[in-house]
Structure formats: structure tokens, C-alpha cells
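Only one structure is covered here, and it is reproduced in the block below.
Throughout, a chain's letter reflects where its sequence line sits, starting with A, and its residues are numbered from 1.
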Protein chains: 2
Amino acid sequence: MKIKKEVTIYDLAKELNYSPSTISRALNNHKSISKKTIKLIKEAAEGMGYRPNNLAAGLRNNKSNTIGVLISRINRPFMASLISGIEETARKAGYNVLISQSNDMYENEVSNCNALYDSRITGLIVSLSMETVDMAHFQKFIDQGIPIVFVDRVPDNFNSYKVVIDNYTAGYSATKHLIDQGCTRIAHFAGAQHRNIYEERKKGYLDALRESGLPIRDELIIHFKTLSFEEGNKATKKLLKMPEPPDGIFSANDTAAVSAIMCAKKMGVEVPQELAVIGFNDDPIASIMQPSLSTVSHPASKMGAISAKRILNHSGQNYDADLTEITVLGTEIIVRDSSLRRARLLRSKTS
Amino acid sequence: MKIKKEVTIYDLAKELNYSPSTISRALNNHKSISKKTIKLIKEAAEGMGYRPNNLAAGLRNNKSNTIGVLISRINRPFMASLISGIEETARKAGYNVLISQSNDMYENEVSNCNALYDSRITGLIVSLSMETVDMAHFQKFIDQGIPIVFVDRVPDNFNSYKVVIDNYTAGYSATKHLIDQGCTRIAHFAGAQHRNIYEERKKGYLDALRESGLPIRDELIIHFKTLSFEEGNKATKKLLKMPEPPDGIFSANDTAAVSAIMCAKKMGVEVPQELAVIGFNDDPIASIMQPSLSTVSHPASKMGAISAKRILNHSGQNYDADLTEITVLGTEIIVRDSSLRRARLLRSKTS
DNA sequence: TAAATATACGCAATCGATTCCGTTAATTAT
DNA sequence: ATAATTAACGGAATCGATTGCGTATATTTA
């Protein structure tokens, strides 16, 4: 199989008797090239099958019109939607998207970070791995004026753009909802506390209890490593075997919440009557499973779009590391069957 | 914020009194450079914060160590797992991954195709959009010797690497399973028939019926456009209102199967006793919902890994368009509650 | 009509890494 | 001890697009 020679602006220049400069300017709609010439050149480019070489342009301009994405895992509903939002926004602006996943390991995050840097990305969108504490691997981007947008799992000791949800309020509202449903012994499935989103959710949980005059019982607060299905299963089993088991669970994610419900069912514990459950994320599962899972919905795709826009808007202006714009998005408590104990009661009240 | 100057091999050359050629060779472990010099140069590079510029290297070599991915949508469980498999394999080999989604529109597929080409990707992994018929936009990759791997939704009129599952057998087995469970009026939710995966699944369905001597009833074969939840809902409602409703459904994806089950429940139709359902894909929902959904499992992540490996292996050798290696992976029928009518009967038979 | 300005384009350097040819010095073979 | 290798490195062109500066022609202004 012979490889065809690629058409470059030099080929176009020779063919049309123009200089490469003129070809380049014409293809970029430069104002000093006449409309007629631009049309002529563009048509010839199309006809000869010319395709720009991003590598060459990128080298010259020292950037690649590419947004780098650094997340923990792609195949999580939230992350997939986030990426989808990023890709859609970037694509519309003519940007490409490079992805990489850390699998929640610090070491991978660092090496992926370097790989993305080596590709001279225009900006970086990051959701931190579970392990990450040290932030030094991001410094080189700042030094080069490459914008970083932290999404969802953000650092609190690093100045940069951030796009987050109000985890505190969400945690507070979710817990308050359970209290409103008559729960008095509410357990919490907490995530790794050095990741601020989990810390905030827990704070919200604690404050909701305090405000309602409910005691805080340490034995009802379970600290998870990864909030996995297995972990959730184990934790639920343990909780339900306690002499005074909880009558409600606020889980920091849906996966663990689902496992709690399934475990409860297996153990013959009625949901929501004996155990009300609310999760976090509004994964697709939540609305399908039975009983359907109450949860906190996350505008994942929108967060992706906003993050991408941050980077797109950034280009042109000089990067000011002191200017840290933080976007905080609202969440929504989605009440479904897994926590709805007082449906009729509430309805009769309002009517 | 001042931008630090980047360190290049020229800076290293000046600092260490070597030529740029030597620096480059040392960093690439070229055999004509002494071990001692390599160590010296690498340490200095590390110390001075040198980072290679992929754009420059890519321009010179006319490739970017990047794999391009062109799929319909990222936030589908199957696709997210596919990408995850691709990314993991590519990353290990030092390759980056560029992603783009067509949202199942031909026009987007073409423009994304061009965008990826412009970035001089090393290889392309594609799952076709629902709309795609014309394949001309892929020709330029072939002309340049850039390998293309089609995954899952593959063309049948284009020579290239392909990674697929045996959709015919899967469709046959799924239908056979329903027949074994005593179903005699089995409906099929079919996908767009110009996408071969759906065509094959339907063929398997038809042959299973024929082989068992069951009649093929056109009114029980519903042709979907996108196999969405809404479409599934509508179709199920219609089917169940028929004078002689089906007693089984084989859906070409899980989403529509889930909608069928939920619709049946709403209409008071018992699953699986009155209506047995089997889906396709083994989405996370399948095992969680109630009744749990029988389905065909798809080795998504593995398909991604294999696709990436195809491209990695390809480099070096000359591309031979006549050599079209097709990888066919097996599937597994996952029997869960939604189709299990004869559980006890079967068990007593085997024991 | 001469001067001033605008229009439309060309020249050549540049981005950073790679690699084909050398060249020099060190080692081995005879 | 001299020729023949080998090892270790340098020079300079190259990849393709961009852009500051320069120039010739056309157009406008006074």
C-alpha cells in the first residue's frame, strides 16, 4: 500500500502561484487577503484535499487547541456525563479533548499530568484522585500560564479555577429531608475526608442533626474508602445488626446507597418504612431500581460545559493566578420511594 | 504572572556542552550514546525541569503518539467502558487518547473525523453513528497508512480492522433462552437495520424461531430508531394491548428492555410469568433493577483494549489495506429474574 | 497631479525535536 | 606498529504553519 503524499500549504502555493504566507493567511481569513483570493485558495485547498497540520501550527503557536482532562475513572455515570459536556463544548469551539484516567491513584495522576503537559494542551480540567494530597505536579501548568479548572473533587490549598456544587447544602438538605420524614437515628456513609466534597457533605449532615436537636452518634458515621458496592454492603449489614439500628441512611454516593437498600431487603428490613435511604449523584440506576432511590442530583454535563468554557474564555487574556474564579452550582434533592415515608401525610397537609 | 521560559533540548545542549543531536539521542536511549552520557543528560533534564514537546516531535515524525476515538456518545455504560479500556491500554504504551462523540449524527462524525485527522493521530478507533452509510470520510486515513479499527458498530463495505462480538449467536441464544423458558410469542425490539449489529441480532432471533418451529409474526418485530426508553415504553404499551400479546421480548439493548419491564409492571402484567424479557449489554442497571434483567453481556472494556492493541501493533509494519483482521469476541447470556420462568423445574432436572 | 494612505501580497525566520551524514578519538585486529 | 573497526558525538537540514517586516501597486486626498 503506497502512502499518498500529504498536501501542504507549500503545494497549494506552488499550484496557485502564491506564497505560503498568503495561503496560510487566506485559510485563516486574514484581513489583508482579498475576498476573491481567499475564496480561490479555499476552493483549491478543498479540491486538492488539503488538511491542516495541527502539529505544525501547534508547534509554531506553542499550543494545540486541545483541552486535557484528568479524572479518576471514565466509566462512572457522573464522569462520563462530565466528559460529554466538556467534549461537546470544546468541539463547538474547534478544540479537541485528550482524556486520561488516574484510577484514583496518585502516581497515575502525576504521570498523566506530565503526558498531557507534553502535548502542550491549552488548558487542563481535573477531578482529583482519591489519593492526591500533594499538588506539585500541577505547578508547571501555572508556570506556563496554562489554565487549570478543578471540577467536583477540588483541592482547597491550590489557587485556580474551580467548578463545584454546594456539597454542604446538599448534605444538609438530604439529611434534613430524612429528618422531615421522621428519621431520628440517621447514619451517614462518608467518603474520604481529605476530599473536600465528602467533608462538606458530612458537615452538612452533622449540622442538620444539630439543628434538629438530634444527637450525633459516632457509631452511625461510617467512613468509606471508595464508597463501593461491597463496602456499602458490609457497612449496612453491620449497622442493621446493631442493638439500635439506624432508621435512615444518607450515603455520599448512589452506589453505596443502592447496596444498602439491597442489603436491607435481603435482611428483611422494610425500605423506607424501617430504613429510609438517600444517596448522592442521581445515577441512572436511581430512578429504575425498586424502591426507586431518593438522591441528590448533580449537573454533571453542565459542570463539564462550564469547565470547558472557562478554558476557552481564558485564552487571550494573561493568566492571573491570583484570580481564582469559583463556580458553585446548585443541586436538587430528588425525592423518590426509598425515603418517602410520609407521602400521604405531607400531601394532606399541603392540600 | 510572568510565564517561565520552557526548557528545550537546546537549553540542555548549551548547559551541558553537548549538541542538540546528542541530547535528543540520549533522551531516547540511542545506542550510539554512552551510558554515562545518557545518565548525565537525563539527570540534568530532570533537574532543569525539561519536558519533551510532543508537537515538535510529532511534526518531525509526522505522527503524534495519539489514538483517536470516534463514538456516538460517551455517557452510555458500554461506550464509557470501551473508552476506559482503550485509555488504559494506550496509556501503558505511552500513547494519548483523543475522544469525540458524534451524537449519532453523520455530519458530526465527518467533522470529528477531520478534526482527528488534523491532529495526525497514530490510529483511529470508530464505532459508527446510527446514521452513517457513506464511508468516504475514512478514506484519507487509509491513504496515509493510518490504521482504523472499527468496534461494535462496524461497516460491512469497508476493509479494515474490526473488533466485534458475535451478534448473530448472541441474538440466537437470547431468543432460544426465551423459547426454553416456554415462550411462544416472542417479540423483538430491533435496532436500525443498516447497522449490522442490529441486523445480526435480528437474524439470530429469526433463526431461533424458525429452528424451534415457531411462526414469525411481523407485528411482533418492532423496528426502533434509537432503542431509547421512550420508544421502548411506547412499543411495549402497544404490544401488550394487542389481542394476543407477546409472552416474551428480546430487546436489542437494555434501555428498551428496562422500559418494557417497567411498562409491563404499570399495566399489571407479571414479569417474567406473563412476559419474559431479555435485553442486551448488561448495563449496571440490569443487575440492580427488580426484577433483575436477563441480558447478553458484552466485554466492552476488553474490546477497547483489543482495539488499542491493534493500533499499537500496527506501527512499524507497513499498512496493508487488504489485510483485514477481524476479531470476534464471545458473549454470555446472563439469566436473571426477568426471564426465569422455569427456575425450579430446571433445577430439579439437573439435580 | 503629487503626496499620502490603503490594499494585497512575498521573504525569511521561527517553533523544538529528529536524523542522515559525517568526523574524531579510542579500540581491536593483524 | 599500522590498518581497520568501533564508539561517541556534531552539523545542518527537515517537518508544516505562522508572522513581523517589507514592498509594489492601487486608491484616495489635498
- Query: Are side-chain N/O atoms of B:Asn96 and A:Ser119 paired as donor and acceptor at under 3.5 Å?
  - Reply: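 A pair is found: one side chain offers a donor N or O, the other an acceptor, under 3.5 Å apart.
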- Any side-chain donor-acceptor pair under 3.5 Å between A:Ser21 and A:Ser24?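 No, no side-chain donor-acceptor pair sits under 3.5 Å.
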Just the rounded figure in Å: distance from [atom2] of [N] to [atom1] of [X].
| X | N | atom1 | atom2 | value |
| --- | --- | --- | --- | --- |
| B:Lys35 | D:dA7 | NZ | C1' | 13 Å |
| B:Lys63 | D:dG16 | NZ | P | 16 Å |
| B:Lys31 | D:dA7 | NZ | P | 10 Å |
| B:Arg25 | C:dT19 | CZ | P | 9 Å |
| B:Ile9 | C:dC15 | CD1 | P | 13 Å |
| A:Glu6 | D:dT14 | CD | P | 18 Å |
| A:Asn53 | C:dT14 | CG | P | 21 Å |

- Message: Heavy-atom count check: over 12 atoms from other residues, nucleotides or ligands less than 6.0 Å from B:Lys140 NZ?
- Response: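 More than 12 within 6.0 Å, yes.
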- Which residue lies more 5' along DNA chain D, comparing B:Leu59 with B:Asn17 via nearest heavy atoms: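 The residue mapped nearer the 5' terminus is B:Asn17.
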- Message: If you assign B:Arg120 and B:Ile23 each to the DNA chain D nucleotide with the nearest heavy atom, which residue ends up on the more 5' nucleotide?
- Response: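 The residue whose closest nucleotide sits nearer the 5' end is B:Ile23.
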Using only side-chain N and O atoms of [X], determine if any of them is under 4.0 Å from OP1 or OP2 of [N].
| X | N | value |
| --- | --- | --- |
| A:Asn54 | D:dG16 | no |
| A:Ser32 | C:dC9 | no |
| B:Tyr18 | D:dG10 | no |
| A:Thr22 | C:dA8 | no |
| A:Tyr50 | D:dA17 | yes |
| A:Asn61 | C:dC15 | no |
| B:Ser21 | D:dG11 | no |
| B:Ser19 | D:dG10 | yes |

- Item | Closest-nucleotide ordering on DNA chain C, the 5'-leading residue of A:Ile38 and B:Tyr10 |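 By nearest-heavy-atom nucleotide position, the 5'-most residue is A:Ile38.
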So [X], base contact, sugar-phosphate only, or nothing? Heavy-atom distance under 4.0 Å.
| X | value |
| --- | --- |
| B:Ser24 | base |
| B:Asp118 | nothing |
| B:Ser34 | sugar-phosphate |

- If we only count heavy atoms from C-beta on, is the A:Lys36 to A:Leu40 side-chain gap below 4.5 Å?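 Not in contact.
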- Task: Please find out if less than 6.0 Å separates the ring center of A:Phe138 from that of A:Tyr117.
- Result: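 Here the rings of A:Tyr117 and A:Phe138 have centres that are no less than 6.0 Å from each other.
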